[in-house]
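Keep in mind it's a predicted model, so treat the numbers as computed, not measured.
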Amino acid sequence: MSNLQRRMIGHGALVMLVAFAAGVGLLASLLGGLELVPGEIIGFDLFGPTDAWVRAHLGGILNAIMVIVVALALPAVGFGEAGARRIGFAIVATAWANTLFYWAALLSPNRALSFGDNRFGESNWIAVAGLAPALLFTVVVIVTFIAIARRAFARA
């Protein structure tokens with residue numbers, strides 16, 4: 001296993017940990033607090049709607065899995081060192097951009113779905129900060145997976 005693969009797996013693990021934190025947020029959002037002692041829920045209000053916590057939790061898990069799977073698949077696809085580094089960067093950056101997007105959606109009235117106001121609410125700087133990298137890396141990851149697919153089929 002190469003250093004690139006190990007670093008990618010490390011990033012995947014960190015993205016997964018952030019997703020687990022969103023899972024705790026999801027639990028708190030559903031319960032209206034946390035149960036630290038059985039039968040006693042310590043109530044508190046949490047920012048963001050429950051459905052956004054679901055997306056932050058599950059989306060984060062899926063992004064972490066994407067990073068780890070691509071890291072493990074790199075040798076089979078056969079990119080050279082420079083190509084593998086580009087693929088690795090694109091996949092890791094996409095996972096972090098999406099993680100930022102999910103958390104921005106929790107903190108933005110417009111769910112970070114647009115740069116301006118939309119039917120969900122007003123925009124703010126958090127929406128812009130979450131949406132811009134997610135949109136950029138949506139294009140990057142599409143191009144990246146086209147490159148991975150082409151290389152995989154060319155070697156088949």
Side-chain angles (χ1 to χ4, degrees), residues 1-31 34 36 46-116 118 120 123-156:
M1 180 170 294
S2 73
N3 285 335
L4 171 64
Q5 289 173 288
R6 279 189 283 281
R7 284 193 312 273
M8 288 179 70
I9 291 169
H11 278 283
L14 292 175
V15 169
M16 188 72 77
L17 288 172
V18 174
F20 292 161
V24 174
L26 171 58
L27 177 66
S29 178
L30 288 167
L31 291 177
L34 288 175
L36 300 178
L46 191 63
F47 59 90
T50 300
D51 60 329
W53 284 105
V54 170
R55 287 188 295 273
H57 178 54
L58 294 177
I61 290 170
L62 291 171
N63 275 276
I65 290 169
M66 173 185 68
V67 174
I68 293 168
V69 166
V70 170
L72 296 174
L74 277 175
V77 181
F79 283 97
E81 187 177 330
R85 275 196 318 270
R86 284 192 299 274
I87 295 292
F89 171 80
I91 297 298
V92 168
T94 297
W96 283 116
N98 288 341
T99 298
L100 175 62
F101 167 74
Y102 292 130
W103 285 83
L106 286 163
L107 295 164
S108 304
N110 74 350
R111 299 186 184 180
L113 294 172
S114 61
F115 293 110
N118 61 40
F120 297 107
S123 183
N124 60 17
W125 69 269
I126 297 170
V128 174
L131 181 59
L135 287 178
L136 170 65
F137 281 98
T138 295
V139 174
V140 169
V141 81
I142 289 168
V143 171
T144 300
F145 271 97
I146 290 170
I148 291 170
R150 287 180 60 152
R151 181 59 63 105
F153 286 123
R155 293 179 62 92

Does Phe101 reach the side chain of Leu113, with side-chain heavy atoms less than 4.5 Å apart? yes
Heavy-atom side-chain contact between Met1 and Ile9 under 4.5 Å: yes
Search all heavy atoms of Leu106 against all heavy atoms of Pro49 and return the closest pair with its distance. CD2-O, 4.3 Å
Roughly how far, to the nearest 0.5 Å, is the CG atom of Leu31 from the CG atom of Leu26? 9.0 Å
Contact summary for Leu46 and Ser29, nearest pair of heavy atoms: CD2-N, 4.0 Å
When you look at CZ of Arg150, are more than 12 heavy atoms from neighbouring residues, nucleotides or ligands closer to it than 6.0 Å? no
Beyond-backbone contact of Trp96 with Val67, side-chain heavy atoms, under 4.5 angstrom: no
Would a distance-only check, ignoring hydrogens and angles, find a side-chain to backbone donor-acceptor pair under 3.5 Å from Arg85 to Leu4? no
Backbone N or O of Phe47 within a donor-acceptor pair of the Trp53 side chain at under 3.5 Å? yes
Quick one: closest heavy-atom pair of Ala104 and Gly130, and the distance? CB-CA, 3.6 Å
Please examine the side chains of Ile68 and Met8, heavy atoms only from C-beta on, and report whether any two atoms are closer than 4.5 Å. no
Are the side chain of Asn118 and the backbone N or O of Asn110 linked by a donor-acceptor pair below 3.5 Å? yes
Does some side-chain heavy atom of Leu135 sit less than 4.5 Å from a side-chain heavy atom of Phe115? yes
Passing candidate, side-chain contact (heavy atoms from CB on, under 4.5 Å) with Phe145, options Ile87, Ile91, Thr94: Ile91
Counting heavy atoms not belonging to Arg151, are there more than 12 under 6.0 Å from its CZ? yes
The reported gap from CG in Leu74 to OG in Ser2 (rounded to nearest 0.5 angstrom) is 7.0 Å
Residue pair Leu14 / Leu17, side-chain heavy-atom distance below 4.5 Å: yes
So which atom in Pro133 and which in Ala97 form the shortest heavy-atom distance, rounded to 0.1 Å? O-CB, 3.7 Å
CG of Asn124 to CG of Leu107: how many Å apart, nearest 0.5 Å? 8.0 Å
Enter the distance from His57:NE2 to Leu27:CG here, rounded to the nearest 0.5 Å. 10.0 Å
Measure the spacing between CZ of Arg7 and CZ of Phe89 and express it to the nearest 0.5 Å. 12.5 Å
Minimum heavy-atom distance Leu34-Ala28, with the two atoms named: CD2-CB, 3.8 Å
Output the distance between atom CZ (Phe120) and atom OG (Ser114), rounded to the nearest 0.5 Å. 9.5 Å
Less than 4.5 Å apart, any side-chain heavy atom of Ile148 and any of Phe79? yes
My understanding is that only one of Val15, Asn63, Val141 makes a side-chain contact (heavy atoms from CB on, under 4.5 Å) with Asn98; could you say which? Asn63
